[in-house]
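Beneath this line is the structure, given in C-alpha cells, with notes to follow.
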Amino acid sequence: MNVAKTDYNLIAATSFSSGKKLNGKKKTGPMDIEKIFGENAFGRDEMKSRLPVEVFQSLIATIEGGETLDLEIADAVADAMKEWAIERGASHFTHWFQPLTGSTAEKHDSFITPNKGGGAFAKFSGKDLVMGEPDASSFPSGGLRATFEARGYTVWDPTSPAFIVENEGGSYLAIPTAFASWTGEALDHKTPLLRSLVALNKSALRVLDLFGVKGVTRVYSTCGCEQEYFLIDEQYYFRRPDLQMTGRTLFGAKPPKGQELDDHYFGSIPERVLAYMLEAEKELYRLGIPVKTRHNEVAPGQYELAPIFENTNVAADHQQLTMIVLQRVTRKFGLVCLLHEKPFAGINGSGKHNNFSMSTDTGLNLLEPGDTPHDNLHFLFFCSAVVRAVNRHQDLLRISIASAANDHRLGANEAPPAIISVFLGEQLEDVFLQLMNGDATESKQGGLLGLGSPVLPHLPRHAGDRNRTSPFAFTGNKFEFRSVGSSQTVSVPNIVLNTIVAESLDQMGDLLEKQIAKGVDIDTAIGAVVREAVAESTVIVFGGDNYDEEWAVEAERRGLLNLRTTLDALHHMLDEKNIRLFEDYGVLSEPELRSRKAIMVEQYFLTINIEGETTESMARRMILPAAVRYLGELVATIGSATDVGLCVDGIRETAVEISGYINGLSKAIDHLIIQNKDLGGASMLEKALHMRENVIPAMTDVRYYADKLERGVDHELWPLPTYKQMLFVK
C-alpha cells in the first residue's frame, strides 16, 4: 500500500508555539505553562474577576466548603460564564455528563435566541446552567427505565470547572453535570461519586473529632491517575478492522523483537511522539489539568502520562478529558491513540494506576506517615482503616475494575493478578507486626544510599522497597490501586474506595467511642482499635511476588477471593453485604446497584459478541483468501518446476504446511460461526456465559491458525499490518 509521505517533524514544529525557524522549519519555542494553565477552564480566578463578591463567596462556599448551592446566584454565574465563553469563541454550550457507557456524552445548544425584530442575541440563563433535559432512553439504564421512557435530567456540578472545547471551526462551552432519570435514579457515574465523597467526609470528620483535631471542616479523597496508552500509525489503524471495531488486535503473530530487551522503557522519546506529547500536554494545561510526568512504557509503542493528584471528583472529570485529548490530538500527527487494556497479545497491556489518599481542607494528608510512623497514631488509624476496608470488600474492588478488556490484562506479567492483596512496604509492615505483638516502638529508617563514587552524593534511601506486582500498594503517602484498566472511568473504583473506607472508619470509630467511654485515654484507645484492625486484616497483606503461582495457592489458603473473570466478579455484586453497604451510605440504592450489574453483564456480552463477529469476518474475507492465494502460487510453482525436472521437495513441504494450516483455519472458522449464531440462551447472563465459555475459545482457535499462516504466507499477500510494522513508531 502506497501512502503519501508526511513531514511529521514539520507538523510538530508548526502546530504549537511560534518561534525561530531552523533549517527552513519553525523552531518550537517553550510553552509558558503559567500563562496558559487553566485558560480554557472557568476556574476560581476567572470566577473571582467576573462575579459579584457575594456571588463569588457563595459559590466558593459550595465548591470548597461543600455547602448547599444557592440557586439564587445561578443567573449571575450563567451570565459571567456566557460572557467568558463567547470571548473565547464559543457559540454553543453543552451539559457534559458521564452516562453508564463509561465514556462522556453531550448535546449542544446555541447561545443564540431570536428577537422580535428578526435579529438574535446571546442568552444563557441560570435555568440553562443548572438543568438540562437530554433524551435518557438511548443510554444504558439496566432496567431503571423502559426504552419508551425518555425523560432524563442533567444537573450542574459547580465543584467541577466548566471548560472550553476548541475546534478549527469554533468552540463551545462544556458544563460538567450529573445525569439522573425522571424518577430520580442516578444514570451516571458522577452522582454516586459525589454521594460517596459526602459519606467519606462525614465518617472522617467524626473520627477527627474523636481525636480532638480542631479546625477541620471537610475531608475529601484525592486521586492521581497514571494513564498508559499505545500509539500507532494512522495508516495501519485504518487497515485493521479489528482495531476499528474492538480497539484491539484479534490477530497478530509475535514479532521477532518485542519488549524482551527492555530498551523502550524510559528510553529517549521519538521526536514525532514527543511533538505529539507536547501538543497534548498544552491542551491539557489549558484545561487546567495538572499533567506532570511523561515517559516511554515497557512495550514498544507504549507511553504513559501522569497528573498531580486532585479532589477525586475533579480528577475523574479530568481523567475523562485526558483520554479525549490524547485521542484527538494524535490525528494531527498521523497517529492513533489506543486506550484498550490489551491491544496487542504477548506484550504489556495498559492500565491506569489510581493513587488514592485523603486530605483535609486544612492541608493535612491523612495517609502521610511522617518520619516515625510507629508513633503517628492518626496515620496508623486511617491507614489501617483502608487496609481493613480492602480486606472486607475484596469483591467490590475487583468488580470496580471488571471488564472484558481488563480480563485480558489482569494476571499477565505487566499487571496485578485478579487476587486483591495489599503491599505495605518493609517499614510499615514492620510497624504493623509490632502492633500485633504489643506496642509499636520504632520505625525502620532508610539511611543513606552510597553509590561508590565520590562525585555522586549520598542519597536518602526509603525505608522500604516498592512492589510493582501488587494490586493495592502503599507508596509513601497514598495507596496505588494498580488494577484499573486504561480505558475505564476512574469514578467507579473511587466510588468503591470512598464508600468502603467510610464504613471502615465508622466501625473503627464505634470501637474508639467504646474505649473512650470506658475512661481509656485517647492514645491508648487509638492503639487498641488499630491493633484490632491490623490483626483482622493481616490475611490480605502480602509483600512478595504476586505473579508467582505459589501465591495463588497461598491466597486460596488464606481465604482470599480469586475472581479471574468479569463474570466471576459480578456474581458477587448483589451480595447482601454490598447492597446494605451502598444503601446505608446513600451511595447507590438497590435498584441502582442492580442496574449497574445488568449493564456490566450486557457490556461484557456485547464486547465479546462484536469481537467474535469481527474475528469471523476478517478470517473468512481477508486471511483465508490470502492464504489460499499463496497456496495456489506454491502449487503452480510446483507444477511448473516439475515440468522442467526441478526438485521441488522444499516447496512441496511448504505447500503441505500451509495447506494444513488452511484446513485448520477453515474448520476453526466454521466452529466460530456456529458459536456466534448460538447466543447461549434467553437471559443476558446466559448469553454472557456463552461468550466466555464458547466464543472466546473459538476465537482463540481461529487466531492460532491465522497467526501460523502469518508466519508462512508471503508478506506481500498478507492483508493486515503486522505487529512489527505497528509497534515501532518513529
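Basis for what follows: all heavy atoms, side chains included, without hydrogens, waters or symmetry-related copies.
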Is there a donor in the side chain of D242 and an acceptor in the side chain of T249, or the other way round, less than 3.5 Å apart? no
Nearest non-hydrogen partners of T62 and P158, listed with the distance: CG2-CG, 3.9 Å
Residue pair E341 / H408, side-chain heavy-atom distance below 4.5 Å: no
Flag for H572-D575: side-chain donor and acceptor within less than 3.5 Å: yes
Any side-chain to backbone donor/acceptor pair from D407 onto T566? Under 3.5 Å, distance only. yes
CG (N498) and CG (L200) are apart, to the nearest 0.5 Å, by 5.0 Å
Can R388 and N391 be said to form a side chain to side chain donor-acceptor pair (under 3.5 Å), step by step? CA-CA 5 Å; R388 181 179 180 275; N391 181 44; over 6 Å; no
Counting only N and O atoms by type, is there a donor-acceptor contact under 3.5 Å from the side chain of H690 to the main-chain atoms of Q675? yes
When you compare the side chains of T615 and R703, does any donor N or O come within less than 3.5 Å of an acceptor on the partner? no
OG of S359 to CG of N311: how many Å apart, nearest 0.5 Å? 9.5 Å
When you measure from the side chain of T154 to the backbone N and O of F179, does any donor-acceptor pair fall under 3.5 Å? no
Separation of Q319 CD from E226 CD (nearest 0.5 Å): 10.5 Å
ring-ring contact (aromatic ring centres under 6.0 Å, His included) partners of H671, counting only residues at least two apart: none
Show me the pairs that pass side-chain hydrogen bond (donor to acceptor under 3.5 Å, both in side chains) and involve residues 602-612, at least two apart or across chains. R248-E611
For the residue pair T246 and T614, confirm or rule out a side-chain donor-acceptor distance under 3.5 Å. no
With D188 via side-chain hydrogen bond (donor to acceptor under 3.5 Å, both in side chains) - residues at least two apart: T191
Roughly how far, to the nearest 0.5 Å, is the CD atom of Q507 from the CG atom of L512? 14.0 Å
For atom CD of E556, decide whether the heavy atoms of other residues, nucleotides or ligands shown that lie under 6.0 angstrom number more than 12. no
Is a side-chain donor-acceptor pair under 3.5 Å present for E106 with H95? no
Side chains of L205 and N201: closer than 4.5 Å at any heavy-atom pair? yes
Looking at F423, F356, F472, which one forms a ring pair (Phe, Tyr, Trp, His ring centres under 6.0 Å) with F479? F472
